[in-house]
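For ligands, and for the atoms within them, numbers begin at 1 and follow the listed sequence. None of these values were measured; they are calculated from a predicted model.
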Amino acid sequence: MQTQYLFNCGKYQLNLNRPHVMGIVNVTPDSFSDGGKYSSTDLAVEHGLALIAEGADILDIGGESTRPGAPPVSLDEELRRVMPVIEALAAVSTVPLSIDTYKPEVMRSAIAAGVDIVNDVRALQEDGAVEIVANSDVGVCLMHMQGMPLTMQLAPSYQDVVSEVVQFLTDRMYVVTSAGIAIDRIVLDPGFGFGKTTAHNIALIQHLTEIDAIGRPLLVGLSRKSILGKIAGGDEQQRLHAGLAASVISAMKGAKIVRVHDVKATVDALKIVTAVMPI
Ligand code: 8Y4
């Protein structure tokens, strides 16, 4: 049972007593550039605004792909991609903006430009990251990952994936609160697909209530991920229905934020969950 519903993040204080939808805004040349007419910046900003219109509660802006085997992006390139999008959206957004990065320098610039949340797949383990977030008022998502994106899916291995994820998130929560990040600024994430086999991912969903019992709101990202294709079949574009099932199950097991590509469909599905879930 989850009792701590408030999430203090920058200019916002979210009441996570119903599941919230975090819409994904990728700013990568391949995902957005159309060969000239509109810049990848313009397209990403338009996409962000469309997701708000679809009912997104948060926008997650990222400039470096963290999918398995993806090559790293340089600091300069990541800043070039995300900063113009953050600046444009910060001026008009009616919802909190999140920066998806593990680089402390990107966190610093994004916070200065007005983002409200740092979404870090490395859980602030890079040198200087904890201090940058501590010296601000933004919220932070601490995510579990085994290994690093380039190699994490080669041989994921655990004695007990659920207890190891719980241990890691509990440890990181202790480290960052000791450094001055208030507990009500933290959300936690088991990191689906990040150094996990299909069996590991399934075990984490099955035991999500045990991870929820750590006591801070859970964020869950399963949208279009390969685990959905492994179970239901289909490539990335054919995983919407499986992803909706995963979002509904996650929310019913206590997840308070789901990170998704398909905002409108997820908002509708979670309205049904909200309507029937006991308060
Ligand atoms: C198709 C589309 C196949 C996307 C794979 C993917 C999470 C996250 C990512 C997550 C949090 C991804 C940045 C991976 N996943 N942040 N980020 N939680 N907090 N892969 O699960 O979407 S990127």
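We find that E78 and K103 are joined by a salt bridge, their nearest charged nitrogen and carboxylate oxygen being less than 4.0 Å apart. Look at E105 and R108 and you find no salt bridge, because none of the NZ, NE, NH1 or NH2 atoms lies under 4.0 Å from a carboxylate O.
Residue-level contacts of ligand 1 at the 4.0 Å heavy-atom threshold are T66, R67, D100, N119, V121, C141, M143, D189, F194, L219, G221, R224, K225, E236, R259, H261.
Between Q125 and Y102, the side chains place no donor N or O within less than 3.5 Å of an acceptor N or O (distance only, hydrogens not considered).
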Using atom types as modelled, flag every donor-acceptor pair under 3.5 Å from a side chain in residues 93-100 to any protein atom, sequence neighbours excluded.
residue : atom : partner : partner atom : Å
S93     : OG   : V95     : N            : 3.1
S93     : OG   : V95     : O            : 2.8
S98     : OG   : D60     : OD1          : 2.7

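Residue L150 is found outside any hydrophobic cluster, as its side-chain heavy atoms come under 4.5 Å of no other Ile, Leu, Val, Met, Phe, Trp or Tyr. Here L14 sits in one hydrophobic cluster together with F7, Y12, L16, M22, I58, I117, V187, L219, I257; the rule is ILVMFWY side chains under 4.5 Å apart, joined directly or through other members.
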